[in-house]
Amino acid sequence: MVLLSKLRNTLAKNGVFLSKVTADDALAQFFRDVRPVAINKPLIRVGGKSDGGYLTPDDLEGIQACFSPGVADTATFEHELAGRGIRSFLADYSVESAPIENEMVSFEKKFLGDRDDGMYMRLETWVREKAGEAGNDLMLQMDIEGAEFQVILDTPRDILRRFRIIIVEFHEMDQLFDRDGFRFINQVFQKLLGGFVVCHIHPNNVDPVWSSGSYAVPRTLEFTFLRKDRATATGETLAFPHRLDTANAPERKDIVLPDCWWRDV
């Protein structure tokens, strides 16, 4: 998807699309589906104040382990989880080791993907190996540079629902404006929305915002999901940014979540 995305983005700047532009009614339904819901658990920030920190529901008590594919040069998120007694499993083939030394953190030199070989492993394989039959009290924090779509589609629903909280950084979201890209992205989100509610969205300010008509799409977005059996909607109206949101790149102005993602436009 990455190479195709680059070509599409280059052409789109000149108003040329490889397929057809996504219909407005399809976009409108997508934004209604993914609209964040106010829940009866407050959001807290786990990790640092810039990249690597995420907002999550204050529902960490009893979580047995966090699976965290995609390793950067900091691990403030996993460090804080360790302080709460939550073990973290890290994985990334592009680095040699975890950026943290802690008995509660382990590392595997593998990419997450849709196969099991010397370089890749499936999320299902990883969870079954590390968590066994530990139950449905896991957490997933995933930032794998575009591979997240393929991984989610590959992972059985019963494995996904073993995670109480899922935090994913989605890349190339501008492909929502391309009809073929929209179908692929929507399929991923519909799979997640079958078992989870969206409780927070934050744009990553490293990448730009793409616009078409009434809709604006930050190219990279951090989503926080809570499993439906843990979520009670309060009916309150959310506002963005959240008071705990901070810019991923502090030297740049943060991106405010466009209105189409959280209210009618």
Side-chain angles (χ1 to χ4, degrees), residues 1-13 30-31 34 36 43-56 66 68-80 90-95 98-100 111-113 140-152 165-178 181-182 184-185 188-189 192 198-212 215-225 240-262:
M1 185 174 177
V2 175
L3 292 177
L4 181 59
S5 171
K6 289 180 179 179
L7 177 57
R8 282 175 170 156
N9 288 340
T10 300
L11 294 175
K13 290 178 181 179
F30 176 83
F31 289 121
V34 304
L43 296 178
I44 59 174
R45 188 174 186 87
V46 177
K49 292 184 177 181
S50 56
D51 203 28
Y54 300 93
L55 267 60
T56 176
C66 175
S68 187
V71 176
D73 55 0
T74 61
T76 56
F77 186 85
E78 293 80 9
H79 178 76
E80 187 167 335
L90 279 65
D92 196 324
Y93 189 80
S94 68
V95 298
I100 180 176
F111 284 135
L112 221 55
L140 175 65
Q141 186 270 304
M142 182 162 58
D143 179 5
I144 52 176
E145 306 302 324
E148 61 275 3
F149 299 101
Q150 187 178 39
V151 166
I152 291 168
I165 297 168
I166 293 179
I167 301 170
V168 184
E169 183 167 277
F170 286 99
H171 303 76
E172 303 180 34
M173 291 294 287
D174 53 294
Q175 293 302 306
L176 284 169
F177 293 130
D178 177 273
F182 174 86
F184 182 61
I185 294 173
V188 171
F189 274 85
L192 287 171
V198 177
C199 53
H200 188 63
I201 308 174
H202 177 251
N204 187 322
N205 67 332
V206 171
D207 288 321
V209 178
W210 291 71
S211 299
S212 178
Y215 305 111
V217 177
R219 192 164 195 269
T220 303
L221 285 160
E222 300 164 348
F223 274 77
T224 301
F225 300 86
F240 292 85
H242 190 278
R243 62 181 179 82
L244 297 177
D245 279 330
T246 61
N248 296 71
E251 70 279 6
R252 302 183 184 183
K253 184 178 180 180
D254 204 10
I255 297 172
V256 175
L257 184 68
D259 287 354
C260 61
W261 291 91
W262 60 280

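Quick note: numbers below take in every heavy atom, side chains included, and nothing from hydrogens, waters or symmetry partners. These figures come from a predicted structure and were not determined experimentally.
Atoms CD and CE, on Glu169 and Met142 in that order, are 11.0 Å from each other to the nearest 0.5 Å. To the nearest 0.5 Å, atoms NE2 (His202) and CD1 (Ile255) are separated by 8.0 Å. Rounding to the nearest 0.5 angstrom, the gap separating the CZ atom in Phe149 from the CD1 atom in Ile144 is 10.0 Å. Interatomic distance, Leu55 CG to Ile167 CD1, rounded to the nearest 0.5 Å: 8.5 Å. For the atom pair CG of Leu140 and CD1 of Ile165, the computed distance is 11.0 Å after rounding to the nearest 0.5 Å. Atom CG of Leu176 sits about 6.0 Å away from atom CZ of Phe31, to the nearest 0.5 Å.
Side-chain contact between Phe77 and Asp143 is absent, with no heavy atoms from C-beta onward closer than 4.5 Å. Using a 4.5 Å heavy-atom threshold, the side chains of Pro99 and Val71 count as touching. Val217 has its side chain out of reach of Cys260: every pair of non-hydrogen atoms, C-beta onward, lies at least 4.5 Å apart. Trp261 has its side chain out of reach of Pro36: every pair of non-hydrogen atoms, C-beta onward, lies at least 4.5 Å apart. The shortest side-chain heavy-atom distance between Gln141 and Cys66 falls under the 4.5 Å cut-off. With contacts defined as side-chain heavy-atom distances shorter than 4.5 Å, the pair Phe223/Leu192 does not qualify.
Closest approach of Leu112 to Pro69, counting heavy atoms only: CD2-CG, 3.6 Å. The minimum heavy-atom distance between Ser212 and Phe177, with the atom names listed, is CB-CE2, 3.6 Å. Ile201 and Val34 make their closest contact through CD1-O, 3.9 Å (heavy atoms, listed as atom of the first residue, atom of the second, distance). Closest approach of Asp92 to Ser94, counting heavy atoms only: OD1-OG, 2.6 Å. Minimum heavy-atom separation, Trp262 to Leu257: NE1-O, 3.3 Å. Listed here is the closest heavy atom pair of Cys199 and Leu43: O-CD1, 3.9 Å.
Note: His200 and His242 have perpendicular aromatic rings, judged against thresholds of 30 and 60 degrees for the angle between ring planes.
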Evaluation steps, side chain to side chain contact (heavy atoms under 4.5 Å, CB included), between Gln175 and Phe184
CA-CA 9 Å; Gln175 293 302 306; Phe184 182 61; over 6 Å; no
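No side-chain donor-acceptor contact under 3.5 Å links Glu80 to the backbone of Glu78. Listed for the Arg219 side chain is no donor-acceptor partner under 3.5 Å among the backbone atoms of Asp207.
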